[in-house]
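Here the structure is laid out as structure tokens; the discussion comes afterwards.
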Amino acid sequence: MSYIKIITSYKHLILILFLLSNTLCSKIFANENYVLYTVNNLPITKFDVINKAKIISFSIDQDLKFTNLKSFYNQSLKTLTDERIIEASGLLINKNINKIIYNQAYQLTLQDFDNSENKLNEFIDKLSIPKSTILDRFKSQLIWSAVLRDRFKLEIKDINKKSKEIFRKQSARSKITLYDLAEIVLEKKGNAQLLKNINLALKQGSNFLEIAKQVSISDSAKFKGKIGWKTYENLPTYILNKKIKINEGDIISFPTKDKIRIIKILVKRNNGRLSEIENKVLLAQVDFQVNFQDKQIAYIDVKKRITKLLNKKRSCTNLKTLNNNKELNLKVIDLRIADLSPSIQKIIKNKNLYEISEPVFLGNKGFIYITCDKQKAKLVKNNLAQIKKNIMEKQFRIFSEKLIKKLKKQANIINIEKIK
């Protein structure tokens, strides 16, 4: 009997070990990284797709739980494919191009985080992504600029002539109604859910420019989607054909042959007159955790603390001490009113200097704003150097679209594995 008991015990032990090993293997497999695609011999891994999707998801949903992360995989993969195509083109110019542009890419990344390495590292930890995922967007932009300059040397030389002609024309149209536009461009195929998420985020008051920076596939993404000033006659054909009357803040979405374009009217200058939302503001943004408190009680508590710090002084200098506070976080925003999100525009409207705004809540966080300074916008006289810069940016967008289409057709893209 004892021999039978021993055998039975061994069987039970083997069964338990088998079940444990299965569980362990499934967890290891779930966390395993592997190559999904190669693009011109450069790999795209499972983790690449997930990490890029986290950035896109957070820019739209502001959700650190990433409950809809899989719905961003498609856009993530397309963005990564474009980045690999660009990187491969850059390596043909200089095999050390990644090393050459790294420091510049890092500095550009830091600018998005108030030139603070601590804030950059906090963001990386918060999203649980590697630093390279953040840097890749700027690295890709810098490499692409080098590729375009190399491919279109002759065309770039002609820009001086175009600049002088446009300078002459602009001097003659200083009293015409103008529109400052920004765009988000998506691939039409496979992006119905992404478009739905973007539209929802915009309805809830998210910042159009921040979404464009992370999601748009147009070269204008590196300018946060901005495409510059247009007369009505130079607006997209869809708007002209529909004879749409447009105003500041309007968002218009329409399909093209293989893309979806979302256009926002950032500013409208009636008869060349400056708009009030072209004025610049210096804002102190203070965010705080709500946790298990009533939202209004949490806000009132923070408001009292901020009021005490301001202490009736005609300055926001004292707010710098919040950088040492674990419960409150300070961010300085220096922008045109037009470039702020609609939700922020709304709550700072008609606020006096140093007056604390009502709160904006996103998930477990609350945000309040203090206007520390205001600067009246001024009309800038036509400047040949600025015109040349604007034309260069426009031409680069045209060159970019032309070349990326060609390179995509020529790209050697191999699907090795599906994401699990």
Side-chain angles (χ1 to χ4, degrees), residues 39-40 42 44 52 56 75-94 97-98 100-101 104-105 108-109 135-160 162-163 166 180-189 191 208-230 234-237 254-264 386-413:
V39 181
N40 295 339
L42 298 174
I44 296 175
K52 183 73 73 175
I56 296 170
Q75 182 65 20
S76 172
L77 183 58
K78 286 178 180 176
T79 303
L80 286 163
T81 300
D82 285 355
E83 287 178 358
R84 297 298 186 270
I85 290 171
I86 288 167
E87 184 181 353
S89 300
L91 289 169
L92 291 176
I93 298 172
N94 190 318
I97 197 161
N98 280 308
I100 292 167
I101 55 88
Q104 192 178 352
L108 288 170
T109 303
L135 265 63
D136 279 349
R137 178 168 60 87
F138 288 110
K139 284 174 64 180
S140 185
Q141 288 173 7
L142 291 168
I143 292 172
W144 193 230
S145 178
V147 170
L148 292 174
R149 287 178 184 278
D150 184 70
R151 292 289 186 98
F152 297 98
K153 292 173 185 175
L154 295 176
E155 290 88 342
I156 290 170
K157 285 182 180 179
D158 291 335
I159 285 176
N160 276 326
K162 291 182 181 179
S163 302
I166 289 175
D180 189 19
L181 304 186
E183 67 176 0
I184 296 171
V185 181
L186 307 173
E187 294 279 2
K188 188 186 290 184
K189 188 177 179 181
N191 274 327
F208 188 98
L209 301 179
E210 291 301 316
I211 294 175
K213 180 176 74 174
Q214 297 295 349
V215 176
S216 180
I217 61 168
S218 169
D219 200 51
S220 62
K222 65 184 175 187
F223 308 111
K224 295 189 174 183
K226 290 185 179 182
I227 53 178
W229 292 92
K230 309 283 183 185
N234 290 325
L235 293 176
T237 307
F254 56 90
T256 61
K257 184 180 178 181
D258 56 353
K259 304 282 193 303
I260 297 168
R261 289 189 76 193
I262 309 170
I263 298 289
K264 179 166 184 178
Q386 185 62 42
I387 289 170
K388 184 178 176 181
K389 181 186 173 185
N390 292 341
I391 294 173
M392 185 77 80
E393 290 172 357
K394 182 179 179 180
Q395 283 299 126
F396 265 50
R397 287 198 294 272
I398 295 168
F399 296 155
S400 178
E401 289 180 14
K402 182 179 177 181
L403 185 56
I404 198 71
K405 282 182 181 178
K406 182 180 177 181
L407 293 177
K408 279 181 179 179
K409 286 179 181 178
Q410 295 174 347
N412 181 24
I413 301 173

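The figures that follow rest on heavy atoms only: side chains count, while hydrogens, waters and symmetry mates do not.
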Exercise. Determine yes or no for a side-chain-to-main-chain donor-acceptor pair under 3.5 angstrom, with N412 supplying the side chain and N40 the backbone.
Key: no
Exercise. Please examine the side chains of E187 and K78, heavy atoms only from C-beta on, and report whether any two atoms are closer than 4.5 Å.
Key: yes
Quiz item: Is the number of heavy atoms from other residues, nucleotides or ligands under 6.0 Å of K188 NZ greater than 12?
Solution: yes
Practice problem: To the nearest 0.5 angstrom, please state how far the CE atom of M392 sits from the CZ atom of R149. | Solution: 5.5 Å
Quiz item: Which heavy atom in A146 sits nearest to a heavy atom in I93, and how many Å separate them?
Solution: O-CD1, 3.9 Å
Practice problem: Kindly check if the number of other-residue, nucleotide or ligand heavy atoms within 6.0 Å of NZ (K408) is above 12? | Solution: yes
Quiz item: Is there a side chain to side chain contact (heavy atoms under 4.5 Å, CB included) between N234 and W229 once you walk through the steps?
Solution: CA-CA 9 Å; N234 290 325; W229 292 92; over 6 Å; no
Quiz item: Does any non-hydrogen side-chain atom of L407 lie less than 4.5 Å from one of R151?
Solution: yes
Quiz item: Side chains of I227 and S218: closer than 4.5 Å at any heavy-atom pair?
Solution: no
Self-check item: Nearest non-hydrogen partners of I262 and F208, listed with the distance
Solution: O-CZ, 3.4 Å
Quiz item: Got a sec, which residues hit side-chain hydrogen bond (donor to acceptor under 3.5 Å, both in side chains) with Q214, two or more places apart in sequence or on another chain?
Solution: none
Self-check item: From CD1 (I143) to CG (L91), nearest 0.5 Å
Solution: 7.0 Å
Quiz item: If you measure from CD on E401 to NZ on K259, what distance do you get to the nearest 0.5 Å?
Solution: 7.0 Å
Quiz item: Can you tell if the side chain of V39 reaches within under 4.5 Å of the side chain of D82, non-hydrogen atoms only?
Solution: no
Quiz item: Can you tell me how far the CG atom of L80 sits from the CG atom of D136, to the nearest 0.5 Å?
Solution: 7.5 Å
Practice problem: Report yes if some heavy atom in the side chain of E83 is under 4.5 Å from a heavy atom in the side chain of E87; otherwise report no. | Solution: no
Quiz prompt | Closest heavy-atom pair and its distance - A105, L135 | solution = CB-O, 4.4 Å
Self-check item: Close side-chain approach of F138 to I101, heavy-atom, < 4.5 Å
Solution: no
Quiz item: Looking at CD1 of I404 and CG of D219, how far apart are the two atoms once the value is rounded to the nearest 0.5 Å?
Solution: 9.0 Å
Quiz item: Closest heavy-atom contact between R84 and L42?
Solution: O-CD1, 3.5 Å
Quiz item: At what distance, to the nearest 0.5 angstrom, does CD1 of I85 lie from CD of Q410?
Solution: 10.0 Å
Quiz prompt | Test log, rule salt bridge (Lys or Arg N to Asp or Glu O under 4.0 Å), inputs E183 and K230 | solution = CA-CA 13 Å; E183 67 176 0; K230 309 283 183 185; over 6 Å; no
Exercise. Could you check N98 against K139 for side chain to side chain contact (heavy atoms under 4.5 Å, CB included), going step by step and ending with a plain yes or no?
Key: CA-CA 7 Å; N98 280 308; K139 284 174 64 180; 3.6 Å; yes
Exercise. Give a yes or no answer on whether the side chain of S145 reaches the backbone of Q141 with a donor-acceptor pair at less than 3.5 Å.
Key: no
Exercise. Would you check if L209 and K226 make a side-chain contact, meaning some heavy-atom pair closer than 4.5 Å?
Key: yes
Practice problem: I would like to know whether L181 and L235 meet side chain to side chain contact (heavy atoms under 4.5 Å, CB included); could you show each step before the answer? | Solution: CA-CA 9 Å; L181 304 186; L235 293 176; 3.6 Å; yes
Self-check item: For the student: nearest non-hydrogen atoms of A212 and K224, plus distance
Solution: CB-O, 3.6 Å
Quiz item: Is there side-chain contact between F399 and L403, with at least one heavy-atom pair below 4.5 Å?
Solution: no
